[in-house]
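To keep things clear, I will list the structure first and then write my remarks on it.
As the structure is a prediction and not an experimental result, all values here were calculated from the model.
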2 protein chains.
Amino acid sequence: MARLPTVTDVGRVAGVSRQTVSNVLNSPTIVKSETREKVQAAIAQLGYRPDASARRLRTRKSSTLGIRLDPMTNGISGSVHDRFLHALTEQADERGLRIMLFTATDPNDEIRQFSRMRDGADVDAFVLTSTFYDDPRTEWLIANDVPFVTFGRPWGIDDMNDPLHLWVDVDGWSGVREATAHLLAEGATRVAFLGWPSHSGTGDDRRRGWRDAMTAGTSLTPAQLDELEMATEDGVSQGRDAIRSLAPGSFDAVVCVSDSLALGAILAAGADIPVIGYDNTPVANAIGLSSVEQPLAEVAAGALELLMGPRGAEILDRTTTPDEPKHRLVKPHLVVRTRQLS
Amino acid sequence: MARLPTVTDVGRVAGVSRQTVSNVLNSPTIVKSETREKVQAAIAQLGYRPDASARRLRTRKSSTLGIRLDPMTNGISGSVHDRFLHALTEQADERGLRIMLFTATDPNDEIRQFSRMRDGADVDAFVLTSTFYDDPRTEWLIANDVPFVTFGRPWGIDDMNDPLHLWVDVDGWSGVREATAHLLAEGATRVAFLGWPSHSGTGDDRRRGWRDAMTAGTSLTPAQLDELEMATEDGVSQGRDAIRSLAPGSFDAVVCVSDSLALGAILAAGADIPVIGYDNTPVANAIGLSSVEQPLAEVAAGALELLMGPRGAEILDRTTTPDEPKHRLVKPHLVVRTRQLS
DNA sequence: AGAATAGATTTGATCGATCAAACTACTATG
DNA sequence: CATAGTAGTTTGATCGATCAAATCTATTCT
């Protein structure tokens, strides 16, 4: 196969220099429009594409985002990460960015990967998912001046407004609150909450949503709410066991922090008790489980906007752009379904 | 932040030339071991990492594989792609390759993306998933001399042994045959098959597995088998409706081409009828559904082996390596569970 | 001893693009 | 009229690595 055309080839055909070709590509406004058209015709004629590696070498930008591919420990909810990744890839492409994957066994390994990819000039920025308390990854990235954005807010309280930490998150509080209110409006009076143990920021946030809705919509006392509140690790059988441990008749509906737990709740509680899950996974769709849907396309768009500004095609240096917003909280919405199962 | 060290910097510290440093990295054997150690010490001391863009520009290799991220139209079975991607990323990393994602709306759009990424020297090779009859993508890649491997065999009969088309696939015939034989061994006599309409190569292959097992393990006539065979689009409700259309008592077990269909079958057939699914998705695990597990790590390893040879770190030109194997069929295995549902 | 050979390392050129500065042609200004 | 200014374009240098060929050194052969 013949050598691919270069800027020089295009220039020769168009009767201009290589730099003018480069200008047509990168700063079209400074080129006389007549010349620009000649060059564009030559580009089309030769089927020219800029060589990504050469451009990256010169500009010191890779136009690539790194993102860790989670191992599928999440079970059913893995599709959330998957859908987010898809949305991110699509929208990044529109902005001229590529997505590069990596894996890591634990946070420290992940930091090692950051270092590798960063030093190799492989990526310009990282997108992190599943942040947690005192996340060492974000500390490292900030300390080493590597641009990044997280899907998930920083859960150490002080960090929420750290201008160096860009984040997008879904307002789980609002989502669970809406789900709970929906159940109350449908006639439930004692909505149980099936959540995660409280070391999870995300879980605590969703729990507050349930508690606030219950406090506002019922006359139950805090102590009574405590009895409706359960915490367990994620999983179908864990959900089932948790609901079985409740006294029958002590609750008439359940809100869960995940579809896995919700599926377990359905199995234990039977057809008469309405259940609402979280994440709107394919399973929820399959069995007719109402669930809180995270607007992942919006999250992806938000992440890119924080990194690149509303329209740009370049990663901004956040230390020099104090006016840009630093975080974004998007609202999920409840998808109501009628049960197909049991 | 200080400029990152280059080969020249390393050479200065080690007291050798830049090319020797390069040799230590790329052809360690030609460097005297004493010198090699000095250079390696300098590399460690400076924390040197080769610049990926510079290397790629010079070598004309990106050390990157492109893979399309499927939209989650697959519902429950999306996790298969996800797990494959994870295994691929991990093993590619071990071989010094990175994985770059892209999306496409249809096969022609995908071809356009191939062209873009290829011309930009962004990727060296592609990994394709979900091949189908007369796939235009593989034709294009072969015609344009772009290395690739597919997860899924080419379903046009002549193509199966095309030495230019590298492929890995899971032996669905064997998986479904094993599943069917298992049900027969457990006492079933009339195992129904819930498959896809016959324009799908994968589906046909799995159907043959069931038919062969039934022919070998029962004395049912072909006409009787026809009555146990169903075809429908994928989905839980489709599976449920298909099973409901069978006369009750006309079957005593079901094998399905997917976990989605299997879940539908369970809902329709009730607790007494054993059902086996395919893909071993998180849902199967959650509800205690037996299912055929695809060994995706093996598939990923096989894909890389076909592209790069058993140990290499470079993509081979398959036109010049007639001795390397061109495809690989891996055997899935049945995961037996006891039902947790209904 | 002198030449040939292999082993180890260095030097110059190059990959394809962009940056920075220089140049050209033409207009505006005192 | 000469000088400065500006828009548009070109030339030389550079990013960091590897390739190809040259150089140097030690060893072997006739």
Side-chain angles (χ1 to χ4, degrees), chain A residues 1-40 42-43 46-64 96 118-122 124 313-314, chain B residues 1-40 42-43 46-64 96 118-122 124 313-314:
Chain A
M1 207 159 82
R3 190 176 53 80
L4 273 79
T6 70
V7 269
T8 310
D9 298 321
V10 174
R12 189 177 326 110
V13 169
V16 298
S17 72
R18 53 179 207 285
Q19 182 62 38
T20 299
V21 177
S22 172
N23 287 338
V24 169
L25 264 45
N26 301 304
S27 342
T29 54
I30 71 166
V31 179
K32 193 161 43 158
S33 59
E34 189 188 339
T35 316
R36 189 165 57 223
E37 279 158 30
K38 269 193 309 188
V39 171
Q40 271 155 351
I43 288 176
L46 296 177
Y48 166 79
R49 303 269 183 201
D51 182 285
S53 298
R55 171 178 279 171
R56 295 206 263 256
L57 171 60
R58 192 60 180 98
T59 61
R60 316 292 316 148
K61 306 217 153 111
S62 66
S63 298
T64 301
R118 166 67 188 197
D119 290 352
D122 263 321
D124 290 335
E314 297 223 333
Chain B
M1 204 160 83
R3 191 176 52 80
L4 288 153
T6 71
V7 268
T8 309
D9 298 321
V10 174
R12 188 178 327 108
V13 169
V16 299
S17 73
R18 51 178 210 287
Q19 182 61 37
T20 299
V21 177
S22 172
N23 287 337
V24 169
L25 262 44
N26 301 304
S27 338
T29 54
I30 71 165
V31 179
K32 191 156 52 154
S33 58
E34 189 188 340
T35 318
R36 190 165 53 224
E37 279 157 31
K38 268 193 309 189
V39 171
Q40 271 156 350
I43 288 176
L46 296 177
Y48 167 78
R49 300 271 180 202
D51 181 285
S53 299
R55 172 178 279 171
R56 293 207 265 257
L57 172 59
R58 191 61 180 100
T59 61
R60 314 295 317 151
K61 308 219 152 109
S62 65
S63 299
T64 301
R118 165 66 183 197
D119 291 351
D122 263 321
D124 290 335
E314 298 224 334

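- As a whole-Å value, the separation of A:Lys61 NZ from C:dG16 P is 23 Å.
- One interatomic measurement links the two molecules: OH of B:Tyr48 to C1' of D:dG16, which rounds to 7 Å at whole-angstrom precision.
- Distances shown here put a side-chain N or O of A:Arg55 below 4.0 Å from the OP1 or OP2 atom of C:dT18.
- When the P atom of D:dG16 is taken as reference, atom CG of A:Asp122 falls 15 Å away, rounded to whole Å.
- In the set D:dC15, C:dC15, D:dA17, the nucleotide with an atom closest to the side chain of B:Leu57 is C:dC15.
- In terms of heavy atoms, A:Asn26 sits closest to A:Arg55 at OD1-NH2, 3.6 Å.
- A donor and an acceptor atom sit less than 3.5 Å apart, one in the side chain of B:Arg58 and one in the base of C:dT14.
- Taking only side-chain nitrogens and oxygens, B:Ser17 never comes nearer than 4.0 Å to OP1 or OP2 of C:dT11.
- Using a 4.0 Å cut-off between charged side-chain N and carboxylate O, A:Arg56 and A:Asp122 make no salt bridge.
- Between A:Asn23 and the options A:Val31, A:Val39, A:Val16, a side-chain contact (heavy atoms from CB on, under 4.5 Å) holds for only A:Val31.
- Put simply, A:Thr20 has a side-chain N or O that comes within less than 4.0 Å of OP1 or OP2 on D:dT10.
- Taking only side-chain nitrogens and oxygens, B:Asn23 never comes nearer than 4.0 Å to OP1 or OP2 of C:dT9.
- When the P atom of D:dA17 is taken as reference, atom CD1 of B:Ile43 falls 10 Å away, rounded to whole Å.
- Looking at which nucleotide of DNA chain C each of B:Lys32 and A:Leu25 is closest to, the 5′-most match is held by B:Lys32.
- B:Arg18 contributes no side-chain N or O that forms a donor-acceptor pair with the base of C:dT10 under 3.5 Å.
- Within 4.0 Å (heavy atoms only), A:Arg36 reaches no atom of the nucleic acid at all.
- Of all the heavy atoms in A:Thr6 and A:Tyr48, the pair that sits closest is C-CE1, 3.6 Å.
- The two residues B:Ser62 and B:Asp124 have their closest heavy-atom pair at N-OD1, 2.8 Å.
- Phosphate contact (OP1/OP2 of D:dT9, side-chain N/O of A:Thr35, threshold under 4.0 Å): present.
- Candidate nucleotides D:dT9, C:dA17, C:dT9 were compared by shortest atom distance to the side chain of A:Ile30, and D:dT9 ranks first.
- Spacing between atom CZ of A:Arg12 and atom C1' of C:dG16 amounts to 14 Å, rounded to whole angstrom units.
- Atom CZ in A:Arg56 sits about 19 Å away from atom C1' in D:dT14, given to the nearest Å.
- Here D:dT14 presents its C1' atom at 13 Å from CG of B:Asp51, a figure rounded to the nearest Å.
- One interatomic measurement links the two molecules: CG of A:Asp119 to P of D:dA17, which rounds to 11 Å at whole-angstrom precision.
- Rounding to the nearest 0.5 Å gives a distance of 7.0 Å between CG of B:Leu46 and CG of B:Asp9.
- A sub-4.0 Å separation between OP1 or OP2 of D:dG16 and a side-chain N or O of B:Ser53 is absent.
- Comparing C:dA17, D:dG16, D:dC19 by their closest approach to the side chain of B:Gln19 singles out D:dC19.
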